[in-house]
Amino acid sequence: MPLALVWFRQDLRLDDNPALHEALEQGYAPVPVYVHAPEEESGWAPGGASRAWLHRSLQALDADLRARGSRLLLRNGPTGPALSALLRETGADAIFWNRKYEPATQPRDAALKREWREQGLVAESFNGALLFEPWELATQQGGPYKVFTPFWRNALGRLRVPAPQAVPATLPSVAETFASEDLDALGLAARPAWDSGFWDKWHAGEAGAHEALEVFLDGALHGYRSDRDRPDRVGTSLLSPHLHFGEIAPWRVVGALEQVRTAANAADVDAYLRELGWREFAYHLLHHFPATTTANLNPRFEHFEWAPGDDRQLQAWRHGLTGVPIVDAGMRELWATGYMHNRVRMIVGSWLTKHMRQHWLHGARWFWDTLVDADLANNTLGWQWVAGTGADASPYFRVFNPVTQAQKFDPAATYISRWVPELQALPVAARFAPWLHAELARRLAPSYPRAPMVDLAQGRDAALAAYKRSAPAESR
DNA sequence: AGGAGCTTAGA
DNA sequence: CTAAGCTCC
């Protein structure tokens with residue numbers, strides 16, 4: 001049986017894995033391999049939380065492969081030489097993989113494909129990650145979309161769920177002579193184990209992804225349309241890290257949703273599909289506007305007056321010590337669990353970029369290091385959206401008021417109280433803005449900051465003024 | 001995927 | 001006086 005390398009990256013699953021499936025379909029014995037080459041991500045090497053997740057996901061993938069008689073080879077980069085060497089060592093005739101779309105690695109992968117094909121090898125790549133690849137959808141003028149709603153309307157009209165590609169119960173074995181790095185030697189796991197608080201919440205790997213999907217279908221899907229905005233409830237799918245690492249295919253999620261769709265839950269199903277749509281839109285934008293990982297998409301912000309980088313202020317934001325309870329709750333949830341509720345991401349992002357007027361990249365970099373679901377496309381879209389610099393962004397003048405947001409979406413302050421226990425002795429109504437109850441706060445919450453690091457009204461006004469100054473002359 | 005400030009309808 | 005609606009930022 002001829003051998004084919006199956007090169008795993010962000011498709012850490014066996015089920016519904018096009019590259020693996022195609023290798024088997026074409027009669028090859030797959031040799032699964034993962035190449036560790038973080039420095040090739042051009043400034044976006046996986047952050048700490050991502051690496052911790054990756055460690056576990058690779059462990060799970062190897063275990064799943066071994067349960068079927070195969071195993072995962074680990075190699076150190078650089079990627080091209082590592083894979084070419086493995087092709088020679090194994091005598092494989094072919095290499096299959098699922099595409100990645102990040103601007104740093106996509107050209108590299110395309111060049112490798114050409115190179116291997118010139119050497120007479122079979123080199124094929126597939127879509128393992130998206131409902132629509134970034135170039136599949138275009139406006140009537142043939143250009144990229146910059147507004148979500150028409151993008152998603154087009155996508156929904158073309159959406160088809162492929163039949164699942166099951167993985168065989170047994171796979172050909174991988175010869176013991178093919179060497180592999182030790183997983184621990186890749187240095188992905190957290191040392192010391194600062195991530196110990198993560199794993200009550202998460203089960204990395206393919207089995208964990210399917211568990212999370214089942215839990216979502218049985219629970220948060222019902223009422224998703226409104227509860228997804230409620231950080232005090234389990235109102236979201238918690239699928240984002242699983243989708244990022246490709247532990248489940250997005251079309252599998254769509255298929256499962258369509259299976260359970262009823263007249264009663266149709267609005268909830270559609271609301272969740274729309275969120276998957278934002279993920280698709282993020283990849284579309286990243287592909288067409290690759291500079292936006294660091295540069296504003298909207299050129300109006302080229303000369304925007306961000307406040308000078310302020311390490312002391314940034315540290316307060318990162319550590320959840322801003323004096324704004326909902327902001328601090330979110331930042332502490334992030335640090336403790338590797339995750340933050342999406343509504344709260346918008347609130348902390350608005351606080352950083354509007355009230356503090358710090359450049360959104362400060363936020364993007366921190367999220368990149370701390371989120372288990374850190375994803376270059378989603379992170380870029382999210383930060384540019386909240387900063388007002390991106391596609392389909394809220395206009396810059398939309399400044400979230402963190403007090404009214406908390407009152408609206410965490411009405412009993414249970415989320416705030418969970419993550420900011422210093423406030424627990426205060427009456428609920430005072431926990432949203434303790435500085436408005438100074439006497440009570442001094443007695444009952446003495447260890448919490450006396451006042452927000454930036455006055456809410458002043459911060460808002462200063463942000464709006466800066467926006468006005470950056471406006472093109474004709475629109476002032 | 002907003003908020004503030006003002007107006008207006010209605011208790 | 002409060003709540004909902006509207007407008008502009």
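Sequence lines set the chain letters: A, B, ... in the order given, protein chains first and strands last, and positions in each chain run from 1.
Listed by chain and number, the residues in a salt bridge (Lys or Arg N to Asp or Glu O under 4.0 Å) with A:E439 are A:R442 (sequence neighbours excluded). Under the side-chain contact (heavy atoms from CB on, under 4.5 Å) criterion, A:E40 pairs with A:A37, A:P78, A:T79, A:R108, not counting sequence neighbours. Not counting sequence neighbours, the partners of A:E258 by the salt bridge (Lys or Arg N to Asp or Glu O under 4.0 Å) test are A:R261. The salt bridge (Lys or Arg N to Asp or Glu O under 4.0 Å) test applied to A:R56 returns no partner, not counting sequence neighbours. By the ring pair (Phe, Tyr, Trp, His ring centres under 6.0 Å) test, A:W97 is found to be paired with A:W7, A:W116, residues two or more places apart in sequence or in another chain being considered. Under the salt bridge (Lys or Arg N to Asp or Glu O under 4.0 Å) criterion, A:E102 pairs with A:K100, sequence neighbours left out.
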List the atom pairs, with distances to 0.1 Å, where a side-chain N or O of residues 276-284 of chain A and a protein N or O form a donor-acceptor pair under 3.5 Å, not counting sequence neighbours.
{"unit_1": "A:R279", "atom_1": "NH1", "unit_2": "A:A129", "atom_2": "O", "d": "2.9"}
{"unit_1": "A:R279", "atom_1": "NH2", "unit_2": "A:A129", "atom_2": "O", "d": "3.3"}
{"unit_1": "A:R279", "atom_1": "NH2", "unit_2": "A:L243", "atom_2": "O", "d": "3.4"}
{"unit_1": "A:E280", "atom_1": "OE1", "unit_2": "A:L131", "atom_2": "N", "d": "3.2"}
{"unit_1": "A:E280", "atom_1": "OE1", "unit_2": "A:F132", "atom_2": "N", "d": "2.8"}
{"unit_1": "A:E280", "atom_1": "OE2", "unit_2": "A:L131", "atom_2": "N", "d": "2.8"}
{"unit_1": "A:Y283", "atom_1": "OH", "unit_2": "A:D375", "atom_2": "OD1", "d": "3.2"}
{"unit_1": "A:Y283", "atom_1": "OH", "unit_2": "A:D375", "atom_2": "OD2", "d": "2.7"}
{"unit_1": "A:H284", "atom_1": "ND1", "unit_2": "A:P134", "atom_2": "O", "d": "2.9"}
{"unit_1": "A:H284", "atom_1": "NE2", "unit_2": "A:Y145", "atom_2": "N", "d": "2.9"}

Would you give me the side-chain donor-acceptor pairs under 3.5 Å for residues 320-332 of chain A, sequence neighbours excluded?
{"unit_1": "A:T322", "atom_1": "OG1", "unit_2": "A:V324", "atom_2": "N", "d": "3.1"}
{"unit_1": "A:T322", "atom_1": "OG1", "unit_2": "A:D328", "atom_2": "OD1", "d": "2.7"}
{"unit_1": "A:D328", "atom_1": "OD1", "unit_2": "A:L321", "atom_2": "N", "d": "3.2"}
{"unit_1": "A:D328", "atom_1": "OD1", "unit_2": "A:T322", "atom_2": "N", "d": "2.7"}
{"unit_1": "A:D328", "atom_1": "OD2", "unit_2": "A:T322", "atom_2": "N", "d": "3.3"}
{"unit_1": "A:D328", "atom_1": "OD2", "unit_2": "A:G323", "atom_2": "N", "d": "3.0"}
{"unit_1": "A:D328", "atom_1": "OD2", "unit_2": "A:Y448", "atom_2": "OH", "d": "2.5"}
{"unit_1": "A:R332", "atom_1": "NE", "unit_2": "A:G320", "atom_2": "O", "d": "3.0"}
{"unit_1": "A:R332", "atom_1": "NH1", "unit_2": "A:W419", "atom_2": "O", "d": "3.3"}
{"unit_1": "A:R332", "atom_1": "NH1", "unit_2": "A:E422", "atom_2": "OE1", "d": "2.9"}
{"unit_1": "A:R332", "atom_1": "NH1", "unit_2": "A:E422", "atom_2": "OE2", "d": "3.4"}
{"unit_1": "A:R332", "atom_1": "NH2", "unit_2": "A:G320", "atom_2": "O", "d": "2.9"}
{"unit_1": "A:R332", "atom_1": "NH2", "unit_2": "A:E422", "atom_2": "OE2", "d": "3.1"}

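What separates OH of A:Y272 from C1' of B:dA1 is a distance of 17 Å, to the nearest Å. Spacing between atom CZ of A:R274 and atom P of B:dA1 amounts to 7 Å, rounded to whole angstrom units.
Pairs passing the ring pair (Phe, Tyr, Trp, His ring centres under 6.0 Å) check and including a residue from residues 327-355 of chain A, sequence neighbours excluded, read A:W202-A:Y339, A:W335-A:W366, A:W351-A:H355.
Scanning residues 322-330 of chain A for heavy-atom distances under 4.0 Å to DNA chain B yields an empty list. For the contact set between residues 341-374 of chain A and DNA chain B, defined by any heavy atom under 4.0 Å, the members are A:N342, A:R343, A:M346.
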What N/O pairs connect the protein and nucleotides 3-5 of chain B at under 3.5 Å? Give each pair on its own line.
{"unit_1": "B:dG3", "atom_1": "OP1", "unit_2": "A:N401", "atom_2": "N", "d": "3.2"}
{"unit_1": "B:dG3", "atom_1": "OP1", "unit_2": "A:T404", "atom_2": "OG1", "d": "3.4"}
{"unit_1": "B:dG3", "atom_1": "OP1", "unit_2": "A:Q405", "atom_2": "NE2", "d": "3.2"}
{"unit_1": "B:dA4", "atom_1": "OP1", "unit_2": "A:N401", "atom_2": "ND2", "d": "3.0"}

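A salt bridge is absent between A:K408 and A:D229: the closest approach of a Lys/Arg side-chain nitrogen to an acidic carboxylate oxygen does not fall below 4.0 angstrom.
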